[in-house]
> 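Got a structure here, written out as structure tokens. Questions coming.
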Amino acid sequence: MIPPGWGLERGLDLIKKAGFEGVELWLGDRTCPWFQLQTRDAEVQDLRRKVENAGLAVSTVCNSLDWDHNISARDPKVREAAMRHVERQLETAQLLNTDSILVVAGLVTAEIPYNEVYMRTLDSVRLLGEKAAKAKVHIGCENCNSEHRFLISPREFWQFLNEVNNPFVGIHLDVGNIHDTGFAEQWIEIHGPRIKRIHLKDVMKKRGRADNESVYTNLFLGDNNWPAIRAAMAKVGYDGWLIAEMEARYRFALDQQFYDTATAMSRLIAGRF
Amino acid sequence: MLLDLKRGCSLPESLAGYEAALRDCGVEVLRLSPPELPQADLYCVPAAAELHADFMRGLRVRVEAGSSLLLESGLAFTKPAAVAGQRSLLLEAFGVSFHAPVTLDLSCRVPYVDLFWPRPAKIRDFSRLVPISAPDAQVIGQHRQWPIALKRELGKGTLIMLGSPLGPALWTGDREAKSWLRALTRS
């Protein structure tokens, strides 16, 4: 979300000034030259220093690589590459002093069918879960719902995690990704203590994807029931990170979106609707 | 003791929920139907929509002697014609007013009721509820402006009355509902 051309330090400064307490880092994202697979440990430690010097903490280590190299891939070489980048997430999470990573676990396509993806993802996540437990870093599998066409309902996601059966593997819950297939507060209720992190964005449920038009929008502008979401978090006792993942960006005054989002999040946390 | 009112229970899934959850709490569950009413420490009556006057009096005697009664109202899910009569009998037997059922507005609402005792818990509402009130009672649950759970001492025993069904949440395995019931059995 750091505006293009701003650079890391200026971006971190903006995040802090806008009122945030942390930042989510994306391994392999093309807009983040400072955090790639080839970034060495010493450089990652330097990255941590820059984040902390800005008065922030790293909330999560995500990656932009799962869509091209997924742990559910048929080709063993592609799968191996995916396992490697998730392992690197675990390593860098430790270096960055955070205890959670986000993985898009499983990608159903016309070529690779659901049941096959389920079996392979389960195997992969079980193996990664063992490494996560040793590293004391949690794996949050993100609900990408219609985007990855996998674990679309809260109950099947819950059953998948039951089969993984590892306290270091849970859900990185995105309240916007559910679209019109369900209700975010119900996902929160069902998953409760397994929620590792929460992504926030609002969604226009009736819009649907249309080319590059986003279905997502600023908090309080879409169709999510935010008072119910807030109450559901209280119900299950969630008190972890809330992370703004704003897919729809302002066209102008890009920095203003940071301030507006932080203010909306403060209202959400305070329950002032 | 779990009291199965048979046709007088308006939500069979509530009965199933209490039975499963009480067993999970390690409580020995004996399921009986009126007019049977042997002595027990705790009587649990899910989704009560039709209780006979004699049976209510029997329950009152047990509570006054030291038992606890957890009575969940099923009046919001029974024939409207039966509601007024039941409300009168409940007031006479227990001194608790069960008010006219309320159908909740489903548009953009927070779908939880709040219970405060014996531990705080948010439980999903069940679309309709029965507000309850009584003199000298402690309100232990609320949904918006409506009190939906009361605790009242009666003789040597305790009445716990619920106006919003808890049983269906127990039936679906709701963690917070189960924790609340466990805390109640230990209180």
Side-chain angles (χ1 to χ4, degrees), chain A residues 153-162 167 170-171 173 175-176 178 180 182-196 198 202-206 217 219-240 264 267-273, chain B residues 13-14 16-17 20-21 24-25 102-129 139-149 162-184:
Chain A
S153 78
R155 194 172 176 88
E156 73 194 89
F157 209 116
W158 176 70
Q159 285 170 331
F160 173 79
L161 292 176
N162 282 351
I171 180 169
L173 182 67
V175 300
I178 293 157
D180 65 347
F183 302 90
E185 59 273 19
Q186 294 176 22
W187 279 74
I188 294 170
E189 285 171 41
I190 286 170
H191 289 286
R194 281 187 175 149
I195 299 172
K196 304 301 182 185
I198 293 181
D202 215 333
V203 58
M204 290 175 284
K205 294 188 178 189
K206 294 177 182 56
T217 184
L219 305 190
F220 305 156
L221 205 51
D223 298 316
N224 269 340
N225 182 346
W226 290 101
I229 288 170
R230 175 70 180 83
M233 289 193 276
K235 172 177 163 63
V236 304
Y238 180 79
D239 65 353
R267 293 283 297 258
L268 170 68
I269 291 165
R272 288 191 303 120
F273 299 107
Chain B
E13 67 197 33
S14 186
D24 279 350
C25 292
V102 171
T103 299
L104 297 173
D105 176 8
L106 301 182
S107 59
C108 214
R109 78 204 195 290
V110 176
Y112 306 113
V113 305
D114 284 292
L115 296 175
F116 314 126
W117 181 92
R119 59 171 286 155
K122 284 187 187 293
I123 310 296
R124 191 160 262 273
D125 72 48
F126 205 63
S127 303
R128 285 185 232 148
L129 54 82
V139 174
I140 59 167
Q142 188 95 13
H143 180 67
R144 296 170 61 194
Q145 69 268 39
W146 300 293
I148 50 85
L162 301 180
S164 178
L166 177 77
L170 295 169
W171 184 61
T172 63
D174 185 284
R175 268 181 311 277
E176 289 74 40
K178 289 170 76 171
S179 292
W180 185 88
L181 187 65
R182 186 174 298 114
L184 184 74

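Because only heavy atoms are used, hydrogens play no part in the values below, and waters and symmetry mates are left out as well, while side chains stay in. For clarity, every value in this text was computed on a predicted model and none was experimentally measured. Letters go in sequence order (proteins before strands), and every chain restarts at 1.
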> At a heavy-atom separation under 4.5 Å, does D114(B) approach chain A through its side chain, its backbone, both, or neither?
neither

> So what's closer than 4.5 Å to chain B heavy atoms on I190(A): side chain, backbone, both or neither?
backbone

> Would you check if K235(A) and V110(B) make a side-chain contact, meaning some heavy-atom pair closer than 4.5 Å?
no

> Taking all non-hydrogen atoms of both residues, which atom of A231(A) and which atom of K122(B) are closest, and how far apart?
O-CD, 3.4 Å

> State whether the number of non-hydrogen atoms from other residues, nucleotides or ligands found under 6.0 Å of D239(A) atom CG is greater than 12.
no

> Indicate yes or no for a side-chain donor-acceptor contact from R175(B) to the backbone of E189(A) under 3.5 Å, with no hydrogens or angles considered.
yes

> Drop me the distance from Q186(A)'s CD to R124(B)'s CZ, to the nearest 0.5 angstrom.
4.5 Å

> So with a 6.0 Å cut-off around CZ of F183(A), is the heavy-atom count from everything else above 12?
no

> Which heavy atom of R109(B) sits nearest to which heavy atom of A228(A), and what is that distance?
O-CB, 3.9 Å

